[in-house]
Amino acid sequence: MHKPALPMGIDTFQDQIRIVLVETSHSGNIGAVARAMKNMGLGNLWLVNPNSFPDEASYARAAGASDVLDRANVVSSLDEALSGCTLVMGTSARGRKVPWPVIPPPEAAVAACQNAEKGNVALVFGRENHGLSNDELQRCHYHIHIPSNPDYSSLNLAMAVQVMCYELRMYHLRGLEAGAGSPYLKPMTAPGDPGWDIPPAPVNDVEGFFGHLEQVLTDVDFHRRDNPRQLMTRLRRLFQRARLDQMEINILRGILTAVQKAVGASGNRKPTDADAKATGQENGHV
């Protein structure tokens, strides 16, 4: 039915956290849950009396997470799935006659990870059509409420699991960030950030580009130096906001040089080093 999977990777964390699915109707959803778990580095799946498992549909939907399915514990009751756990949290979308402690996913992830250091933790998800019963929810220390759109609040089972697994993952990564350091949470949005492939453009090269741009706009009769208005100020603001890198400056200079050649307006301006780089861009040396 499927090829044996490789052992779980080193990225799997918090095996003390169990993802428990109660009486899942569609085996494909079990596979989708396994995929969601492995995406976020979890691998401890418990199945309470599933309608059909294992089968081809579950492994097909797992899409590379068959190792999670191979390790899955199939039991006949919720009591078995919760055996040995010190903290149990169940997802619930409904209000209760008797109020129960309710926490959102981020706080649930914090509680799960912190308590996992002391013992096993279970995150319980109910049936596709009507979730967990009142009796099952009363087995939980906390109810987890995912604040979805009140006009369309029903989440697919795998989506609900993905939300919680993501929050667990983020808590895990923040812990790495505070400790040895993790690159996963550091943004990369501009030249100079770790991972950017080209260094930031030096100020003098940027100024050379602005001078070149103004000259080309003048050459094509788009800009008048005797009546400049705010054109160059706004263009300067636009490009400064982009925080150009050196390669981008060279490409833009190459475009400007090509425009000048096309209109025959290169004039007698003395070529600069930046112009030489721009010519290289024009000739395809990116």
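This is a predicted model, so every value here is computed, not measured. Any value given below was found using the heavy atoms of this structure, including those in side chains, with hydrogens, waters and symmetry copies removed. Numbering of residues begins at 1 and proceeds along the displayed sequence.
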Looking only at heavy atoms, which two atoms of [X] and [Y] are closest? And how far apart?
X      : Y      : answer
Met89  : Ala112 : CE-CB, 3.7 Å
Leu235 : Phe210 : O-CE2, 4.3 Å
Leu69  : Ser58  : CD1-O, 3.5 Å
Ala122 : Leu82  : CB-CD2, 3.6 Å

How long is the span from the CG atom in Asp70 to the CG atom in Leu45, to the nearest 0.5 Å? 11.0 Å
Could you tell me the separation between the CG atom of Leu244 and the CD1 atom of Ile251, rounded to the nearest 0.5 Å? 10.0 Å
[Y] side chain reached by [X] side chain, heavy atoms, under 4.5 Å:
X     : Y      : result
Thr91 : Val124 : no
Ile17 : Leu123 : yes
Leu47 : Val75  : no

[X] with [Y], same ILVMFWY side-chain cluster at under 4.5 Å:
X      : Y      : result
Met37  : Met170 : yes
Leu238 : Leu231 : yes
Leu213 : Val206 : yes

How far apart are the C-alpha atoms of Glu80 and Ser77, what are their side-chain angles, what is the distance that settles it, and do they pass the side-chain hydrogen bond (donor to acceptor under 3.5 Å, both in side chains) test? CA-CA 5 Å; Glu80 292 177 81; Ser77 69; 3.3 Å; yes
Return yes if a side-chain donor-acceptor contact under 3.5 Å exists between [X] and [Y], otherwise no.
X      : Y      : answer
Asp219 : Gln215 : yes
Thr218 : Glu214 : no
Glu23  : Asn51  : no
Thr257 : Gln260 : no

Taking [X] first and then [Y], would you say they form a salt bridge - that is, a charged N and a carboxylate O separated by under 4.0 Å?
X      : Y      : value
Arg236 : Glu207 : yes
Asp79  : Arg139 : yes
Asp55  : Arg61  : no

So, does Asp205 use its side chain to make a donor-acceptor pair with the main chain of Ala201 at under 3.5 Å? no
Under 3.5 Å donor-acceptor pairs involving side-chain atoms of residues 147-160, not counting sequence neighbours:
| residue | atom | partner | partner atom | Å |
| --- | --- | --- | --- | --- |
| Ser148 | OG | Ser153 | O | 3.0 |
| Asn149 | OD1 | Asp151 | N | 3.0 |
| Asn156 | OD1 | Ala158 | N | 2.8 |

